[in-house]
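No experiment lies behind these values; they were computed from the predicted model shown. Every number for a ligand or one of its atoms is a count from 1 in the order of the listing.
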Amino acid sequence: MLRNKSLKDLNTFGVESQAECFVEAHTADDIWACLEQYRNIPVMVLGGGSNLLLTQDIAGVVLKISLKGISVLEQTHDHVIIEAQAGEIWHQVVEYCLAHNYGGIENLALIPGQMGTAPIQNIGAYGVELKDVFHSCVAMHRATGQQQLFTLEDCKFGYRESVFKNELKNQYVILSVRLRLTKEKHQLKLDYGSIKEVLEQKDIANPTIAEVAQAVIDIRRSKLPDPKELGNSGSFFKNPIVPQQQGELLKTKYPDIPIYPAGKDWVKIPAGWLIERAGFKGKRLGDAGVHKNQALVLVNYGQATGSEIWQLAQQIQAEILEKFDIALTAEVNII
Ligand code: EPU
């Protein structure tokens, strides 16, 4: 156990915050030992720190999950179920799958974060969400230490949502995640955004999963800042889902607003468009800023504190509410 440990290198915003106590777990037993020992003080579970804005020092314990390993659990001639431990880096799991020609997560290349946190917010990008390949996960009940299997149904996945963010919030620690992937006849998803154009530019007519992943990597690198170079947490807000009627009204007022169907009577509006339209793209408040290529991403130009980034986020929320009558909610966890 370490005392007063800086978390600056453990959150992708790169903001300073100190953990009163810090424990790193390499096994499920380490996790249980920590939970048992610190039963009466708050324990914050930390994964890759890529969906987190630390606005203060952390009283109590920060428990960093570093369980490693990827293995094949089951396979048939055309499918495989792999299991990755919670501390595996998500993109390294993608690379493992590409190296073994296991298809299904190539569109999710380069998403920051760890395996264990992927189900919590049902990570998604370029037309694919974790739930599309999710088989199950094993999680430890924080109060009893019991390990429990959660199926796809149990997880109640939605857009950046799961049971672990809602009714079971802070009750379980995810230990490992199992994905069901294809070994042949991969179901490529090329319709989102500019994947097809990027492949065409490279003269690739029948892409492999590795080529799709590379196209996604190229697109992400062109739009999204690399946290190693510029602190950020990916999309800061969720794309708001509003009643269809409100969407239609906005469309008459702003004919160029992009609107996507989101189930019966609801539509999804890109928060990035709203934020850009409200004039925030590329804006700075001290060292906290709105990224110049993707207005949905807030960045730390160096010395911003978590509170400064949160202040900027709240300014954006207030402005979007006033201008469009839409309440943006943070996708990132604010601590
Ligand atoms: N847009 C703008 N201005 C901007 C940004 C976006 O006008 O500055 C508009 C454009 O019309 C664009 C549309 O928004 O066509 C959608 O933009 P983009 O394809 O970049 O995706 P997004 O909706 O902003 C979502 C996810 C990203 C994911 C991309 C690609 C959320 C909250 N974000 O962003 O996920 O990479 O789609 O699938 O759903 C993340 O969660 O951290 C993340 C980066």
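With hydrogens left out, the protein atom closest to atom 23 (O) of ligand 1 is Asn239 ND2, 2.8 Å, a heavy atom. Given atom 35 (O) of ligand 1, the protein heavy atom at minimum distance is Arg160 NH2, 2.9 Å. For atom 16 (C) of ligand 1, the closest heavy atom belonging to the protein is Pro270 CB, 4.1 Å. Looking at atom 5 (C) of ligand 1, its nearest protein heavy atom turns out to be Gln294 OE1, 3.1 Å. Counting only heavy atoms of the protein, atom 15 (O) of ligand 1 lies nearest to Tyr260 OH, 3.9 Å. Nearest protein heavy-atom contact of atom 3 (N) of ligand 1 is Glu276 OE1, 2.6 Å. Looking at atom 33 (N) of ligand 1, its nearest protein heavy atom turns out to be Ser235 OG, 2.9 Å. Shortest contact from atom 1 (N) of ligand 1 to any protein heavy atom: Trp273 N, 3.6 Å.
When distances from atom 31 (C) of ligand 1 to the protein are checked, a heavy atom turns up under 4.0 Å. The protein reaches atom 44 (C) of ligand 1 closely, with a heavy atom under 4.0 angstrom from it.
Considering all non-hydrogen atoms of both residues, Trp310 and Thr55 come closest at CB-CG2, 4.0 Å.
Against a heavy-atom cut-off of under 4.0 Å, Phe237 is close to the following atoms of ligand 1: 32 (C). Of all atoms in ligand 1, listed by their number and element, those nearer than 4.0 Å to a heavy atom of Gly234 are 42 (O). Every atom of ligand 1 with a heavy atom of Pro258 under 4.0 Å away is listed here by number and element: 11 (O).
Taking the side chain as every heavy atom from C-beta outward, Glu331 and Phe236 never approach each other to under 4.5 Å. Gln294 is not listed as a side-chain neighbour of Val299, based on a closest heavy-atom distance of 4.5 Å or more.
Ligand 1 has no atom lying under 4.0 Å from any heavy atom of Gln121. Heavy-atom separations between Gly193 and ligand 1 are all 4.0 Å or longer. Between Arg220 and ligand 1 there is a heavy-atom distance shorter than 4.0 Å.
The side-chain tip of Lys268 points at the ring of Tyr159 from less than 6.0 angstrom away and within 45° of straight on. Under a cutoff of 6.0 Å and an axis angle of 45°, Arg3 and Phe22 do not form a cation-pi pair.
Here Lys8 does not pair with Glu16 in a salt bridge; the nearest charged N to carboxylate O distance is not below 4.0 Å. Ion pair Lys196/Asp191 flagged as a salt bridge, since at least one NZ, NE, NH1 or NH2 atom sits closer than 4.0 Å to an Asp/Glu carboxylate oxygen. With respect to Glu167 and Lys156, a salt bridge is recorded, a charged nitrogen being found less than 4.0 Å from a carboxylate O. Between Lys238 and Glu161 there is a salt bridge, since at least one side-chain N of the basic residue sits less than 4.0 Å from a carboxylate O of the acidic one.
On a distance-only criterion, Tyr159 and ligand 1 share at least one N/O pair closer than 3.5 Å. Residue contacts with ligand 1: Tyr126 is placed with a nitrogen or oxygen under 3.5 Å of a nitrogen or oxygen of the ligand (distance criterion only). Some N or O of Ala295 is nearer than 3.5 Å to an N or O of ligand 1, by distance alone. Between Lys223 and ligand 1, an N or O atom pair is found at a separation short of 3.5 Å.
Only the side chain of Tyr192 comes within contact range of ligand 1, with a heavy atom under 4.0 Å; no backbone atom does. Using a 4.0 Å cut-off between heavy atoms, Glu331 contacts ligand 1 through its side chain alone, with no backbone atom that close.
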**OP:** Assess whether side chain to side chain donor-acceptor pair (under 3.5 Å) is satisfied between Ser176 and Gln85, documenting all intermediate values.
**Re:** CA-CA 4 Å; Ser176 66; Gln85 301 301 307; 4.5 Å; no
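Under the ring pair (Phe, Tyr, Trp, His ring centres under 6.0 Å) test applied with His141, the options Phe150, Tyr172, Trp32 reduce to a single match, Tyr172. Partner of Arg178 under the side chain to side chain contact (heavy atoms under 4.5 Å, CB included) criterion, out of Ile82, Ile81, Val133, Thr151: Ile81 alone.
Side-chain N or O atoms of Asn232 include one that pairs as donor or acceptor with a backbone N or O of Leu230 at under 3.5 Å.
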